[in-house]
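By convention in this document, chain letters (A, B, ...) are assigned in the order of the sequence lines, proteins followed by strands, and residues within each chain are numbered from 1.
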2 protein chains.
Amino acid sequence: MNEPALLPKSQSTLADVARLAGVSVATASKALNDKPQVRAETRARVKAAAEQLSFLPNILAQSLHQQRTGTVGLITSDLEGRFSIPILLGAEDAFGAGAVSVFLCDARDDAIRERHHLRALLSRRVDGIIVVGSRPDPRQTLGRNIDVPVVYAYSPSLHENDYSVVVDNYGAGRMAIEHLLACGRTKIAHITGDPSYGATHERAAGARAALNENGLDFVSGHPLEGSWSESWGRGAAHMLLSQGHDIDGIFCGSDQIARGVLDTLREAGRRVPEDIAVIGFDNWEAFAANSRPQLTSIDMQLEKLGNLAARKLFSILDGETARGIEALPCKLVYRESTAAL
Amino acid sequence: MNEPALLPKSQSTLADVARLAGVSVATASKALNDKPQVRAETRARVKAAAEQLSFLPNILAQSLHQQRTGTVGLITSDLEGRFSIPILLGAEDAFGAGAVSVFLCDARDDAIRERHHLRALLSRRVDGIIVVGSRPDPRQTLGRNIDVPVVYAYSPSLHENDYSVVVDNYGAGRMAIEHLLACGRTKIAHITGDPSYGATHERAAGARAALNENGLDFVSGHPLEGSWSESWGRGAAHMLLSQGHDIDGIFCGSDQIARGVLDTLREAGRRVPEDIAVIGFDNWEAFAANSRPQLTSIDMQLEKLGNLAARKLFSILDGETARGIEALPCKLVYRESTAAL
DNA sequence: CTGAAAGCGCTTACAG
DNA sequence: CTGAAAGCGCTTACAG
């Protein structure tokens with residue numbers, strides 16, 4: 001009763017389909033691709049044959065004819081770091097499930113590996129490339145003599161003719177401070193991270209601009225720079241308190257810093273947000289949503305960034321030209337650690 | 001002085017190289033591929049021409065001849081979850097930079113998306129597929145009539161003829177308890193996560209086996225199941241203390257739970273590790289290394305898992321056969337939250 | 001409406 | 001040692 005499956009284990013070809021349907025390869029091709037010049041009955045027969053053989057067209061062969069392969073290369077500098085992932089997801093989303101396939105290449109912040117990956121991608125004739133940086137600082141161009149469009153995300157290219165999408169860190173700094181001001185806070189400190197990051201200074205500059213416009217400045221006179229860690233947050237907050245500063249708001253450079261700040265404040269008996277409002281940065285769910293109280297934070301909208309990068313790549317493939325740096329605004333995510341006085 | 005670059009923007013072909021070198025396409029091919037039957041001088045001339053034209057062979061065309069395309073599909077269920085990433089990195093590592101290219105497909109835990117991606121991968125004639133699950137529980141097979149090898153990682157396939165590599169959760173449970181026992185602890189509790197996870201029960205079973213072998217059991221008589229969150233860790237620890245249990249060790253189902261446990265213990269004035277030793281699970285750096293004290297934890301060695309999956313895929317491509325489930329041992333990462341009494 | 005032929009960019013026996 | 005020819009799996013003018 002159950003006839004042995006005669007389906008070949010190896011992929012069947014168009015020729016197999018054509019033979020089974022009793023037509024030529026050319027006709028089979030037209031039938032499957034819904035070209036108009038095929039009789040309905042013939043088309044049906046071919047499609048049935050394809051179905052029966054589980055025929056999947058060999059895209060490699062197809063691509064040899066078209067200019068596009070339907071593939072895109074995604075070069076990340078550092079997948080381990082958590083910022084690449086949402087960008088990558090946002091891009092993947094724009095590609096749709098299966099319509100465009102993405103080659104993932106992790107260069108591990110190594111220029112040699114990056115060259116290797118680039119060669120491979122070009123050899124595979126990808127339609128375009130997205131380069132995702134590991135930090136927001138500018139990076140070298142992949143090269144200007146690449147014959148497919150390249151879009152840089154997060155970490156902009158240093159070459160003025162390249163196109164990059166980045167986070168608006170200056171605007172994010174303003175946004176954080178404006179929220180604290182809206183909460184009625186005026187004695188504001190800024191505990192931030194690694195000063196070797198350009199973003200550290202951009203955010204601080206945006207923050208300071210917002211303060212200055214309101215006749216204010218950081219209570220300590222300048223941002224406290226350190227590292228992106230909880231322990232720095234704890235230490236810096238402790239210092240601030242022991243120096244006797246009168247403070248009612250703290251803008252933190254990362255959620256991890258904010259977490260440390262919250263710990264110190266709680267242990268010092270300061271209430272958040274009643275006495276001191278605290279705002280973090282990154283909106284890292286695991287940290288922001290699990291702290292006590294839950295952390296108001298700035299979200300860089302990295303998925304949007306990745307999505308924009310991918311859509312821009314398609315526009316460029318469609319003939320649009322693009323160059324320069326485009327900055328995407330951040331978003332405030334309101335939780336419990338800030339509130340109006 | 002600077003002559004205009006005449007390099008064509010569009011990729012040059014072997015025919016271009018052959019023409020420039022003054023040889024046939026066949027000879028050019030042999031020269032570039034280091035076949036023996038080519039005169040040294042000719043080979044040099046061809047290579048120089050290729051260099052001059054920045055020639056990159058079209059792998060699509062090459063693949064049409066060979067059985068292998070040098071590509072692998074990586075289907076993840078949920079990239080957002082942090083467990084996929086290290087697995088993916090481990091696999092990527094096994095592929096080498098550029099030798100094998102990987103197509104990344106995020107199915108978002110959606111069977112329809114997964115089918116689409118599978119079709120696309122098969123159409124692109126990948127040499128093999130790795131399926132990375134989002135949770136350690138078994139999953140449906142991708143299908144048994146796929147004509148390339150498939151390896152499942154993290155989440156095993158339900159089909160007995162498929163091959164899967166998974167985490168040894170039972171062994172991990174034993175390992176955690178054996179460490180606490182080695183630290184001289186005997187009054188041990190287990191605060192773990194979501195009971196809908198198979199891993200929750202496997203770890204608990206391993207833990208209990210190790211206790212029983214030493215004539216012990218969990219102080220509360222059974223594991224405390226809840227969610228993988230800090231707040232559950234805080235609450236469960238609080239309950240344990242207020243119930244008056246005499247405790248000198250706690251095995252936590254995740255680092256987040258452990259983090260909550262540490263907070264409660266500190267606030268209750270219990271010293272870690274002096275009074276109570278605490279061990280976490282996942283070895284999530286951001287949590288384990290930033291807690292006070294730093295957290296001893298169980299590392300699932302996911303990079304190794306991904307690496308093994310990739311290497312196994314190659315072995316299968318080389319003719320080896322594999323089926324069933326292979327469990328990889330975890331590793332204890334010793335930090336400050338555990339110590340000998 | 002259907003099919004033979006040429007071609008996409010390569011590789012590989014097979015002659016010379 | 002070199003090159004003409006066939007072929008990988010498809011598509012697309014071009015005839016019929």
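Which of dT12(D), dT2(D), dC8(C) sits closest to the side chain of V38(B) comes down to dT2(D).
Phosphate proximity of dC10(D) to S29(A): absent, as no side-chain N or O sits under 4.0 Å from OP1 or OP2. In this structure, N58(B) does not reach the dC8(C) phosphate: none of its side-chain N or O atoms is under 4.0 Å from OP1 or OP2.
If you check dA15(D) for Watson-Crick or wobble pairing at under 3.5 angstrom, you find it paired to dT2(C).
Looking at heavy-atom distances under 4.0 Å, T42(A) makes contact with sugar-phosphate atoms alone, never a base. Here T13(B) lies in heavy-atom contact (under 4.0 Å) with sugar-phosphate atoms only. At a threshold of 4.0 angstrom between heavy atoms, the contacts of V25(A) include nucleobase atoms, whether or not backbone atoms are also involved. At a threshold of 4.0 angstrom between heavy atoms, the contacts of Q37(A) include nucleobase atoms, whether or not backbone atoms are also involved.
A straight line from NZ of K35(A) to P of dT12(D) spans 4 Å, rounded to a whole angstrom.
Heavy atoms of other residues, nucleotides or ligands lying less than 6.0 angstrom from NZ of K312(B) number more than 12. By the 6.0 Å contact criterion, CD on Q67(A) is open, its count of non-hydrogen atoms from other residues, nucleotides or ligands being 12 or less.
Between D318(B) and R68(B) a salt bridge is recorded (basic side-chain N to carboxylate O distance below 4.0 Å).
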